[in-house]
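What follows is a single structure, written as structure tokens, with notes after it.
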Amino acid sequence: MVISGHRDDRHESATSPHWQGRAADIIVPGISSRRVWEYVQTYGRVGVGRYPVSGFVHVDVRNASFFWEDVSGPGQESCYYQVDRDLGRQYDEEYDEHHDDPRRLRGYHDWQEQQAQRRRRRAD
């Protein structure tokens with residue numbers, strides 16, 4: 001679920017990825033924010049922030065990955081720290097400009113096959 005996407009209010013900086021339409025704050029029902037945060041990091045060339053108090057993950061596209069956690073609560077001033085700069089560099093090096101990440105295609109095809117197997121079992 002996207003809880004915040006493009007924002008063009010006057011309080012938002014013009015350099016904000018939200019203001020530029022390149023970011024979303026998300027929640028994946030049934031999946032912990034930590035798990036979502038760790039998964040999205042693998043894409044490469046992304047900004048990924050985890051907000052454990054509020055329970056959402058910020059995702060944006062950028063030229064070099066940056067991962068952080070922000071332990072502030074709603075309405076509080078940000079209190080974030082960068083997480084694992086080397087991991088971001090590793091994922092960025094693996095990023096394939098011509099094909100974002102072939103692992104995701106394989107994962108999608110695996111998911112499709114699982115869904116087909118479930119349908120076949122239900123039909124039997």
Side-chain angles (χ1 to χ4, degrees):
M1 294 186 317
V2 176
I3 59 172
S4 180
H6 180 262
R7 298 195 296 244
D8 63 356
D9 63 22
R10 296 181 190 271
H11 302 291
E12 194 77 33
S13 165
T15 60
S16 162
H18 280 285
W19 194 85
Q20 296 172 357
R22 298 180 306 129
D25 297 334
I26 63 171
I27 295 173
V28 179
I31 307 294
S32 73
S33 64
R34 174 170 288 287
R35 203 160 156 210
V36 172
W37 178 66
E38 290 171 346
Y39 174 75
V40 176
Q41 290 176 12
T42 67
Y43 277 72
R45 296 188 184 179
V46 291
V48 188
R50 180 172 174 256
Y51 293 77
V53 174
S54 299
F56 69 87
V57 174
H58 168 96
V59 179
D60 67 61
V61 294
R62 55 179 67 198
N63 291 328
S65 289
F66 186 80
F67 310 142
W68 71 94
E69 286 193 274
D70 188 327
V71 295
S72 63
Q76 296 179 332
E77 189 172 328
S78 290
C79 180
Y80 76 92
Y81 54 93
Q82 183 176 5
V83 177
D84 208 342
R85 182 180 307 170
D86 292 332
L87 185 61
R89 288 185 186 127
Q90 174 190 334
Y91 288 134
D92 288 351
E93 288 173 9
E94 295 171 2
Y95 180 84
D96 181 351
E97 186 172 308
H98 301 288
H99 192 282
D100 286 342
D101 191 335
R103 291 175 295 180
R104 275 153 201 56
L105 286 177
R106 186 170 50 247
Y108 177 71
H109 293 300
D110 290 348
W111 177 83
Q112 282 184 316
E113 179 58 31
Q114 289 172 356
Q115 297 304 311
Q117 287 175 358
R118 286 182 184 146
R119 285 191 297 274
R120 286 191 293 270
R121 279 194 298 261
R122 286 184 196 139
D124 290 342

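Positions are given from 1 along the sequence.
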**Message:** So which atom in I26 and which in V59 form the shortest heavy-atom distance, rounded to 0.1 Å?
**Reply:** CD1-CG2, 4.0 Å
**Request:** Compare every heavy atom of Q82 with every heavy atom of F66, then report the nearest pair and how far apart it is.
**Result:**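 Shortest heavy-atom contact: CE1-CD, 3.2 Å.
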Applying the 4.5 Å side-chain criterion to the ILVMFWY set and letting contacts propagate, would [X] and [Y] be lumped into a single cluster?
X   : Y   : value
V71 : V57 : yes
Y95 : V61 : no
W37 : V2  : yes

**Request:** In plain terms, say whether D92 and R89 are close enough for a salt bridge, that is, a side-chain N and a carboxylate O under 4.0 Å apart.
**Result:**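 Not counted as a salt bridge, because no side-chain N and carboxylate O are separated by less than 4.0 Å.
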Under 3.5 Å, which donor-acceptor pairs link side chains of residues 47-56 to any protein atom two or more places apart or in another chain?
residue	atom	partner	partner atom	Å
R50	NE	S33	OG	3.2
R50	NH1	E69	OE2	2.4
Y51	OH	W68	NE1	3.1

**Prompt:** Quick check: does any side chain N or O of D70 sit under 3.5 Å from a backbone N or O of C79, one acting as donor and the other as acceptor?
**Reply:**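 Confirmed, D70 side chain pairs with C79 backbone.
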**Item:** Pair I31-Y39, side chain to side chain contact (heavy atoms under 4.5 Å, CB included): steps then yes or no
**Value:** CA-CA 11 Å; I31 307 294; Y39 174 75; over 6 Å; no
**Asked** Looking at OG of S65 and CG of D60, how far apart are the two atoms once the value is rounded to the nearest 0.5 Å?
**Response**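 So the OG of S65 and the CG of D60 are separated by 9.5 Å.
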**Asked** Which distance, rounded to the nearest 0.5 Å, do you find between the CZ of F67 and the CD of Q41?
**Response**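 F67 CZ to Q41 CD: 4.5 Å, rounded to 0.5 Å.
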**Message:** Is any side-chain heavy atom of M1 closer than 4.5 Å to one of P29?
**Reply:** yes
**Prompt:** Taking atom CZ of R35 as the centre, does the number of heavy atoms from other residues, nucleotides or ligands within less than 6.0 Å exceed 12?
**Reply:** no
